[in-house]
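Below is one structure, written out as structure tokens, with a few remarks after it.
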Amino acid sequence: MLFPYAIRNLKDWAGIFQDKAAFAPLVREIFRRQGLDFSGIDSCTPGSNAVFCSGGFIVKIFAPEESEIGGESDFLTERFGLRRAAQLGIPAPGLYAEGVIEDAYIFRYLLMEYVDGESLAACSAHMSGAERRRIGQSLRRIVDRMDVPCEPFNSHALFSKAAEARWEAFPEEFREERRAYLNERRAEPAVYVHGDLNPDNILIRPDGSLCLIDFADALLAPIELELSGLLCDGFRFDPDYLEGFLGEEFRREKDRRAKKLSESLLFGLLLHDYGVNIIRDNIGAPEKISSLKMLKEKLDYALLTGTQTS
């Protein structure tokens, strides 16, 4: 047996998914199957799956069904996203191999090229305004190519049980307003969205070019979902990123454009699986936001001032 550890629930998985010693035998077997030399593994930035780097590759081992968070859907979604990115010219890791290891559990895996780069989260504070504007422009071109109509590719849907449970952090009057607001707008056209464009999933290569990673949360949804994640969490309302992404007109006409943009971001956040997390980290404490009007006012303030919270 390659993996002699118990995974009965999310707590078990959370306690072991970053353990190099636990996963080294599985990675060794993956390399053996691909005819590659194995020289050990190193840790990568943690997410929700087991991700390690080894010999110029990234190995992503998806949480098994028993973990309560994993399974075939995330594996197929990420594989689809990487293949689609290659077809559309979206900068993403190259997919080298894929497979399934049936051991104590069914472990699905992807073997991808290692991308030499720093996350936007790690290097943003050291960038000049011009560099941030250039990255904003690059991401606009990427989103324009990536977030377009697409055939159905998974069973991911908006308003999952886990996502809806997070909204319990808000007062009841806010939740009632949210339900009514979304009931009026659910017929929005859907496009492919990455679904998690946070600053850890945007890499900056040494030559300044970008690379997107972690496509496992992709789904078909209104474009506003993608924009709310990127502008609120990826950019954290930084005015240089916003100017690069939205164009100089946003800076020149900020008062008029910010109010229109905040309405789009409001809609996107209320749809987003991680909307509650994005609001808490970048806008304000959910328990203190009693209405959609208050949330929109905070978005207006953040867009106008470049300040994450008010």
Side-chain angles (χ1 to χ4, degrees), residues 1-34 36-71 74-75 77-79 81-82 85 91-101 103-126 194-206 209-217 233-234 274 277 281:
M1 185 179 296
L2 298 171
F3 192 85
Y5 302 92
I7 301 175
R8 295 155 299 195
N9 49 43
L10 178 57
K11 182 179 179 180
D12 287 345
W13 178 253
I16 202 168
F17 79 106
Q18 297 180 62
D19 189 324
K20 292 188 294 183
F23 283 91
L26 284 170
V27 178
R28 182 190 296 275
E29 174 62 13
I30 291 169
F31 273 53
R32 186 193 67 77
R33 293 184 181 189
Q34 301 303 324
L36 299 170
D37 293 331
F38 177 75
S39 58
I41 61 177
D42 291 311
S43 300
C44 293
T45 301
S48 55
N49 294 295
V51 185
F52 304 97
C53 55
S54 179
F57 293 97
I58 294 292
V59 186
K60 186 165 188 175
I61 300 175
F62 289 79
E65 300 284 352
E66 291 81 358
S67 70
E68 300 177 341
I69 62 166
D74 284 357
F75 165 78
T77 297
E78 178 121 19
R79 186 183 69 178
L82 291 171
L95 179 57
Y96 182 84
E98 62 181 88
V100 179
I101 293 179
D103 193 59
Y105 307 95
I106 295 177
F107 291 107
R108 298 172 177 87
Y109 67 86
L110 296 174
L111 189 61
M112 298 167 280
E113 68 167 334
Y114 173 79
V115 177
D116 183 17
E118 279 192 283
S119 70
L120 189 64
C123 58
S124 183
H126 308 295
H194 177 283
D196 196 16
L197 285 182
N198 70 64
D200 288 323
N201 289 336
I202 302 168
L203 302 185
I204 316 298
R205 297 177 186 264
S209 62
L210 305 186
C211 182
L212 304 187
I213 61 173
D214 198 354
F215 290 77
D217 288 314
D233 197 32
Y274 302 110
N277 306 62
D281 293 344

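This chain uses plain numbering: 1 for the first residue, then up along the sequence.
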Derivation of the side-chain contact (heavy atoms from CB on, under 4.5 Å) call for Phe75 and Asn49: CA-CA 10 Å; Phe75 165 78; Asn49 294 295; over 6 Å; no
Nearest 0.5 Å please: distance from the CZ atom of Arg33 over to the CZ atom of Arg28. 14.5 Å
Is there a donor-acceptor pair closer than 3.5 Å between any side-chain N or O of Ser124 and the backbone N or O of Ala121? no
Could you state the interatomic distance from OH (Tyr274) to CG (Asn198), rounded to the nearest 0.5 Å? 9.5 Å
How close do Phe23 and Ile16 get, heavy atom to heavy atom, and via which atoms? CE1-O, 3.3 Å
Side chains of Phe62 and Leu110: closer than 4.5 Å at any heavy-atom pair? yes
Is there side-chain contact between Pro25 and Phe3, with heavy atoms separated by less than 4.5 Å? no
According to the salt bridge (charged side-chain N to carboxylate O under 4.0 Å, His left out) rule, which pairs have a member within residues 44-61, sequence neighbours left out? Lys60-Glu78, Lys60-Asp214
Locate the shortest heavy-atom distance separating Tyr105 from Pro64; write the atom from each residue and the value. CB-CB, 3.9 Å
With side-chain hydrogen bond (donor to acceptor under 3.5 Å, both in side chains) as the rule and sequence neighbours excluded, what pairs involving residues 2-18 come up? Arg8-Asp12
Indicate the atoms forming the closest heavy-atom contact of Cys53 with Cys44, along with that distance. N-SG, 3.5 Å
Which residues pass the side chain to side chain contact (heavy atoms under 4.5 Å, CB included) test with Ser43, sequence neighbours left out? Lys20
Between Phe52 and the options Ile41, Leu26, Asp42, the side chain to side chain contact (heavy atoms under 4.5 Å, CB included) test singles out Ile41
Quick check: closest heavy atoms across Leu82 and Pro93, and the distance to 0.1 Å? CD2-O, 3.6 Å
Give a yes or no answer on whether the side chain of Glu68 reaches the backbone of Leu10 with a donor-acceptor pair at less than 3.5 Å. yes
Look up atom CZ in Phe107 and atom CD1 in Ile30, then write down how far apart they are to the nearest 0.5 Å. 10.0 Å
Asp103 (side chain) donor-acceptor with Leu2 (main chain) under 3.5 angstrom: yes
Do Phe17 and Ile61 pass the side-chain contact (heavy atoms from CB on, under 4.5 Å) test, and can you show the C-alpha distance, the side-chain angles, and the key distance before you say yes or no? CA-CA 9 Å; Phe17 79 106; Ile61 300 175; over 6 Å; no
For Met112, which of Ile213, Val51, Ile58 qualifies under side chain to side chain contact (heavy atoms under 4.5 Å, CB included)? Ile58
Nearest 0.5 Å, what's the CD1-CD distance between Ile106 and Glu65? 7.5 Å
Between atom CG of Asn201 and atom CG of Leu212, what is the distance when rounded to the nearest 0.5 Å? 8.5 Å
Ile69 and Ala63 have their tightest heavy-atom pair at CG1-CB, 4.1 Å
Can you tell me how far the CD atom of Gln34 sits from the OH atom of Tyr96, to the nearest 0.5 Å? 6.5 Å
Between Leu210 and Arg205, what is the shortest heavy-atom contact and its length? O-NE, 4.1 Å
